[in-house]
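Numbering starts at 1 and runs along the sequence shown.
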Amino acid sequence: MNKDIINKAKRFRFPIVVHIYSAFLLIIFSIVFLYIKYFSNDVNVFVSEQCNSRIDSSVELTEEFIPSIVTSLSQNSESGSNLYSEELENLSLSLMSSDVSIAFLQQNEDASFGILWPTDKASSKVLNYFIDLVIDKNKSGIQETGVFNVSDSAYFYYKILSVDTDSTNRVYALYYIPASNYFDFANLLFESLFRTMLISIWGTGFLCILVSIPLIISIYKMVRFSKRIANGDFSNYHTFVVSRELQDLSDGMNFMSDRLRENDKEQKQFFQNVSHELRTPLQSIQGYAEGLKYDVFVDDDKDTAINVIINESERLSSMVENLLSISKMDMAKNGNYEVKKTNISINELIGHEIENIRGNILLNKKGLIQSSDVGDKLIYANENDILRMLDNIFSNCIRYAKQNIYFYTSIENDYVNFTIYDDGDGFTDEVLANMFTRFAKGSDGKHGIGLSLVKAIAEEHKGSIKAYNKEGFGACFEIRIPCESPNSQLSNANKKK
């Protein structure tokens with residue numbers, strides 16, 4: 001065995017379950033990645049829209065009485081007294097339903113900020129953190145909207161508006177709403193997603209095993225089936241396969257098995273027939289040669305024996321040549337051999353064929369009636385093969401003709417038609433049914449290879465042949481071979497150069 005094949009066979013291969021599992025994992029991770037990428041962005045957009053919407057609603061509810069409240073707060077801040085009024089109570093109640101909180105910040109003359117309201121410690125802690133993070137003391141402007149986080153788990157969206165008052169210090173109304181619940185909910189969704197992903201990975205592994213086991217079993221059955229075919233067992237495989245594709249593979253292998261069985265049978269029958277056909281002339285040659293060696297024959301019989309040896313030798317030589325030709329056609333049909341072809345003048349081809357068969361026709365005291373109308377047409381063919389094809393047909397017609405053989409050539413639809421027939425008794429139904437089968441012979445047939453070779457040569461040249469009984473005559477053969485177009489002639493000429 002070739003070392004490359006051995007090394008290739010020893011290379012590590014991943015099982016099919018690993019390929020299926022990898023595909024599933026790729027799908028899972030792709031979904032999770034896209035989900036995280038787009039979901040996180042969508043969550044931020046959703047939270048921002050919800051918080052800003054609620055803040056804007058609160059601003060609309062409170063903007064009418066904010067100036068008076070701020071004025072009161074500023075006055076009480078200057079006098080050092082506390083403020084508790086019905087307006088502040090209404091303000092708190094208005095904002096309670098939307099979960100929005102409000103604070104009033106005062107910018108002092110030194111550009112520092114202080115908290116006017118509320119003054120409770122919990123709110124002051126958040127507001128002071130906001131002042132430190134959001135307000136840029138080095139610049140005059142203040143960000144109107146945004147988000148700030150007091151800690152990793154405490155997020156606030158805010159909106160800050162300037163309030164017109166009579167005070168010398170600028171006052172700002174700060175609306176803010178906690179967004180931690182939104183982000184906590186998003187984090188829970190992320191955790192659920194990862195738990196789902198882990199469960200999916202484990203479940204996918206189990207599912208891949210369940211899915212791949214029938215596939216693996218079916219593939220192993222296919223492998224055993226192929227080994228049986230390799231060992232010469234061409235019986236069909238009828239076990240259930242799990243998928244349509246593997247069933248198609250099984251059907252294809254069964255078809256291959258049938259064809260191999262038929263080819264094997266034909267090959268064995270071919271060798272048996274060849275052995276039988278070769279043995280008969282060899283036995284005749286051997287018998288007559290031994291008779292001549294031991295002086296068994298008298299003078300007149302010696303000439304007969306010599307003629308028999310010559311005739312049988314010619315028959316044997318013709319059969320061997322036909323066997324070699326039909327083997328060459330089979331190899332060409334399977335792509336293992338290339339038949340050398342050239343452009344051939346049909347008129348010249350007809351002239352060569354008539355010269356080849358003239359002596360045989362005269363020897364058998366038959367006549368040849370011939371007509372040709374092909375002009376200067378060419379065919380792209382192997383001349384020796386075409387001549388052998390025509391020789392075999394003429395040999396058959398000469399053997400069965402009573403007086404004449406007819407040979408007509410014409411052009412029809414860019415095909416050259418060779419029509420050859422005789423005035424004999426024609427084909428019987430049995431002979432006509434197996435006309436081009438190898439080793440099928442008529443009553444006076446020789447070895448049954450000639451006509452099967454004729455069909456193989458015609459098909460190799462992209463042509464066809466048919467045989468029938470011509471009305472008023474005997475057996476008739478019609479052969480069609482495609483003519484060469486001018487472009488094809490030029491192309492083939494260039495290839496030849």
Side-chain angles (χ1 to χ4, degrees), residues 1-24 204-279 319-320 322-339 433-441 447-449 451-453 455-457 459-460:
M1 185 182 291
N2 193 308
K3 290 184 179 180
D4 293 337
I5 298 177
I6 296 175
N7 293 332
K8 186 176 180 180
K10 289 182 178 179
R11 291 176 188 169
F12 179 74
R13 295 288 190 274
F14 286 105
I16 191 172
V17 64
V18 175
H19 291 282
I20 297 176
Y21 191 48
S22 301
F24 274 115
T204 300
F206 179 72
L207 179 64
C208 289
I209 294 174
L210 290 180
V211 170
S212 60
I213 285 176
L215 291 174
I216 293 171
I217 293 174
S218 298
I219 291 173
Y220 280 147
K221 289 178 180 178
M222 294 290 101
V223 171
R224 289 198 298 269
F225 182 33
S226 65
K227 289 181 179 179
R228 282 201 292 107
I229 294 175
N231 292 328
D233 182 2
F234 303 122
S235 57
N236 283 358
Y237 173 81
H238 297 293
T239 308
F240 172 76
V241 229
V242 70
S243 69
R244 186 182 65 182
E245 290 77 8
L246 289 177
Q247 184 61 52
D248 292 340
L249 175 61
S250 175
D251 295 340
M253 293 183 69
N254 282 328
F255 177 73
M256 177 184 67
S257 177
D258 292 337
R259 293 296 300 272
L260 288 173
R261 182 170 59 250
E262 293 174 2
N263 290 338
D264 183 66
K265 182 179 178 181
E266 289 177 0
Q267 187 180 43
K268 290 177 180 177
Q269 185 177 3
F270 178 78
F271 284 122
Q272 290 174 357
N273 292 333
V274 167
S275 300
H276 174 75
E277 295 294 336
L278 289 175
R279 185 171 60 246
M319 184 170 63
V320 170
N322 282 334
L323 287 172
L324 291 174
S325 296
I326 202 168
S327 175
K328 182 179 68 175
M329 292 298 107
D330 288 341
M331 292 175 64
K333 186 177 181 180
N334 295 327
N336 298 321
Y337 179 81
E338 181 181 0
V339 178
N434 302 297
M435 174 65 59
F436 301 106
T437 304
R438 294 180 187 180
F439 299 104
K441 295 187 294 183
H447 42 69
I449 300 176
L451 292 181
S452 61
L453 177 59
K455 182 179 179 182
I457 293 174
E459 291 177 349
E460 168 60 26

Between L451 and K455, does the side chain to side chain contact (heavy atoms under 4.5 Å, CB included) criterion hold? Intermediate values first, please. CA-CA 6 Å; L451 292 181; K455 182 179 179 182; over 6 Å; no
Testing V223, I217, I219 for side chain to side chain contact (heavy atoms under 4.5 Å, CB included) with K221, which one passes? I217
Using only atom types and a distance under 3.5 Å, with no angle test, would you say the side chain of D233 pairs donor to acceptor with the backbone of S235? yes
May I ask you to test the E262-R259 pair for a side-chain heavy-atom distance under 4.5 Å? yes
For a quick test of reading the model, state the closest non-hydrogen atom pair linking M253 to M222 and the distance between them. CE-O, 3.7 Å
Gap separating the CG atom of L453 from the CD atom of E460, nearest 0.5 angstrom: 11.5 Å
Give, for atom CD of E459 and atom CD1 of I457, the distance between the pair rounded to the nearest 0.5 Å. 11.0 Å
